[in-house]
Amino acid sequence: MAQTKFDKQVEETAESLMFGIGRFLAGRPMDGERKTDATFWRTGTRVLPKVEGKVSRSSYRAGWQRLVFRISWLGAAGGGAYLVGSHPGTTAQTVRDVWENPDPAIEAAQTGGIGLVSAAAVGSAAYGLATRKRREFMSEWVIPLHEALAVPLGMSELTDPRRYLHVPRNFSDDDAEICIDTPGHLRFNEDLVADLIKKKLALENVSFTWQRAGRNTHVVVKKRKAPPKKLGLTDPGVREILAKMPESAPLIGFGAGKKKVSVDLDADSPHVLISAGTGGGKSTILRTICCQFIHNGAHAFVLDFKRISHTWARGVPGVTYCRDIAEIHDALIGLAQEGRRRLGLAEELADDVLEREPWRVGPRLVILLEEVNATMAQLKRYWAKIRESGDPKTSPAVDALAEILFMGRQVRLHVLLVAQSATARAIGGPEMRENFATRILVRYTLNAWRMLVPEVSPIPMPTEHPGRVQVVTRGRAQETQVLNLSNAEAREWAMSGVHAKGTTGPALQKTAAPAAPAANVLDDAWSTNTQTLPPASAAEPAADPDLLADAWSPNPLAPATPGTAIADTTATPSENAAPAAPAGDPDDAVVGLRKAQQDHLPALTLDALRRARADDPDFPDAVDKRGTELLYRAGDLKKWARNRPRGAAGTTDVD
């Protein structure tokens with residue numbers, strides 16, 4: 001008897017039902033299409049070839065996991081149906097009550113709906129915040145690595161990268177391991193895969209361990225040569241290495257394989273930029289570099305608006321510590337004036353003499369500018385407060401910093417600048433930022449890296465390891481463990497060098513003296529006894545002592561007399577006072593402050609005179625008035641300048 005159409009449909013339905021029950025119990029996809037390499041006992045890692053469309057997460061689960069989920073869902077549904085069926089009267093009565101009086105049910109539904117929506121919104125926001133870093137890490141590192149490796153490994157691009165790329169978020173740390181599952185057929189180029197991993201994750205000095213046997217094939221990537229986990233002065237050999245470093249190239253730290261990392265301010269870059277977030281160790285880096293310069297005879301100007309960043313430097317010979325914004329303002333203007341004087345002197349000297357004896361232009365001056373973002377803003381506010389009619393709108397201190405940055409290494413002025421966000425606006429423009437050929441980045445963001453060193457690619461993953469930085473110079477980034485000197489160690493190293501021995505460099509203070517006024521902040525730094533200068537080489541004639549006295553004097557218009565004893569900064573004002581001017585000098589001239597600064601007091605700045613007029617009770621009284629300008633006797637101003645107090649009078653805080 002021929003089979004009817006109805007019989008065929010019944011047979012096909014029964015066959016489909018049997019296959020469905022079989023797939024249900026076997027934990028296989030209910031549509032019968034296998035999309036991943038998952039089995040009943042093993043979780044899937046990759047999408048099978050020729051599979052198209054989106055692959056759900058459930059497709060990666062092992063068969064037993066799907067079976068457990070299905071049975072649990074069936075049990076919950078059956079339990080609910082049993083509860084409803086065991087109380088039919090109650091259910092029918094409830095439905096009848098709601099039908100007859102729907103208002104209470106509607107109000108309850110509205111209240112419950114609002115609660116559910118609110119709970120869902122709060123839960124979604126909390127989940128988004130909790131997974132934000134993981135999502136950023138996936139989009140920045142894992143997904144690009146998957147896009148690069150999928151084709152070389154012979155895998156579908158639809159494969160979930162989390163299934164075979166096991167990359168920890170701290171993969172840049174020294175002891176981190178990266179594990180990548182590979183296809184068992186091994187029909188891929190291992191060298192190409194290894195090269196892509198290094199490029200996409202910005203790895204250097206790493207080893208690859210391949211597991212080729214068996215079913216669980218993979219490769220493990222970990223660092224082979226990492227910088228030391230910490231570096232201190234008491235570590236074996238560090239003190240000896242520090243003592244042998246060149247005077248112009250202080251040690252920053254050790255790189256991979258304990259390779260010394262330093263920056264030569266005479267050969268590589270005259271200025272250094274340090275970019276780091278809060279707690280990144282900016283002051284530690286500055287302390288390590290600066291104490292080495294002082295040890296070798298340089299004079300350091302610490303421009304610290306925070307006042308407490310470098311307590312180790314207080315009272316150290318060869319250090320001028322400027323805390324008030326007024327002192328920082330005057331110091332920058334004075335340093336720019338000194339730079340211009342040195343440029344003129346360098347122009348007079350022969351090139352070979354200047355290259356062989358760079359000390360002829362003066363001692364090395366290192367400027368530590370802390371927290372440039374806040375300091376630049378305060379300098380602008382301070383100038384807006386003290387400027388008078390006819391003065392330029394732009395702060396002369398900001399212009400002075402720009403001038404110093406554009407000066408060459410021949411003048412031996414070096415800026416060590418610290419910024420949390422070294423934007424062009426914060427530093428003064430993109431052209432000023434280009435003067436920093438060496439840049440040290442720590443705890444940086446990807447945006448900060450792209451802004452400061454876009455030429456270095458790929459971007460290395462930032463690490464939270466204490467003291468670990470990236471030193472970028474000549475278009476190459478070098479991972480470095482910074483030498484961590486404590487305050488006591490930095491102070492001891494700075495005071496154990498040239499300044500303590502008194503062999504060369506700026507004049508020394510015999511004892512810790514109060515901070516000098518901002519207007520006179522450069523006097524002690526450039527007041528030098530010509531008898532202590534380095535001797536000329538045998539191949540060159542003896543240097544003219546008058547020329548060297550002029551070169552090392554803060555005021556080129558009033559050179560120091562050769563052989564004159566260095567003024568003791570701890571002496572009383574009367575002991576260091578200059579003799580009275582002889583009769584006939586133009587001390588009786590009546591001038592304004594601007595004219596007095598230009599013709600009679602070039603060692604002071606106009607801003608310092610104006611501030612002293614407002615704050616110093618010993619400032620001379622005006623003898624006349626021209627319009628709104630007060631006039632003073634030149635001799636009275638000179639006498640005040642000679643005998644002015646060594647400590648700042650009043651407060652100079654703009655806050």
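Seen from the ring of Phe619, Arg613 does not count as a face-on cation partner, given the 6.0 Å and 45° thresholds.
Judged purely by distance below 3.5 Å, without hydrogens or angles, the side chains of Asp616 and Trp640 pair a donor atom with an acceptor atom. Side chains of Asp173 and Thr463: a donor on one and an acceptor on the other come within 3.5 Å. Donor-acceptor pairing under 3.5 Å is lacking for the side chains of Asp174 and His465.
To the nearest 0.5 Å, atoms CZ (Phe305) and CD (Gln378) are separated by 3.5 Å. Summarising the geometry, atom CZ belonging to Arg323 is positioned 11.0 Å from atom OG belonging to Ser309; distances are rounded to the nearest 0.5 Å. Separation of atoms CD1 (Ile404) and NE2 (His271) is listed at 8.5 Å; rounding is to 0.5 Å. Atom-to-atom distance recorded for Ile289:CD1 and His414:NE2 is 12.5 Å, nearest 0.5 angstrom. The distance from the CD atom of Gln470 to the OG atom of Ser172 is 9.0 Å, given to the nearest 0.5 Å.
A salt bridge is defined here as a Lys NZ or Arg NE, NH1 or NH2 lying under 4.0 Å from an Asp or Glu carboxylate O, and Glu247 with Arg412 meets this definition. Note on Arg468 versus Glu479: salt bridge recorded, some NZ/NE/NH1/NH2 to OD/OE distance being below 4.0 Å. Looking at Arg340 and Glu403, a side-chain N of the basic residue comes within less than 4.0 Å of a carboxylate O on the acidic one, giving a salt bridge. Salt-bridge annotation for Arg364 and Asp266: present, with a side-chain N of the basic residue lying under 4.0 Å from a carboxylate O of the acidic one. Salt bridge Glu338/Arg342: present, at least one basic N to carboxylate O contact under 4.0 Å. With salt bridges taken as basic N to acidic carboxylate O contacts below 4.0 Å, none links Lys258 and Asp235. Under a 4.0 Å N-O distance rule, the pair Asp304/Arg314 does not qualify as a salt bridge.
Without hydrogens or angle criteria, Thr480 side chain to Gln478 main chain gives a donor-acceptor distance under 3.5 Å. When atom types are taken as modelled, the side chain of Asp391 and the backbone of Glu388 share a donor-acceptor pair closer than 3.5 angstrom. Under the 3.5 Å distance criterion, the side-chain polar atoms of Glu348 are left unmatched by any main-chain donor or acceptor of Leu345. Remark: the backbone N or O of Tyr632 is not paired with any side-chain donor or acceptor of Asp636 at under 3.5 angstrom. Side-chain atoms of His600 do not come within 3.5 Å of backbone N or O of Ala634 as any donor-acceptor pair. The main-chain N or O of Leu251 is never found under 3.5 Å from a side-chain atom of Ser262 such that the two would form a donor-acceptor pair.
Of the residues listed (Leu417, Val372, Ile440), the one engaging Ile274 in a side chain to side chain contact (heavy atoms under 4.5 Å, CB included) is Ile440, and it is the only one.
Taking the six-membered ring for Trp and thresholds of 30 and 60 degrees, Trp493 and His295 have nearly parallel ring planes, at less than 30 degrees apart. Between Trp312 and His310, the ring planes lie perpendicular to each other; the angle is over 60°, past the 30° to 60° tilted range.
Between Val366 and His299, the closest side-chain pair of non-hydrogen atoms is not below 4.5 Å.
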Run Leu368 and Val418 through side chain to side chain contact (heavy atoms under 4.5 Å, CB included) and show every step you take.
CA-CA 8 Å; Leu368 274 70; Val418 176; over 6 Å; no
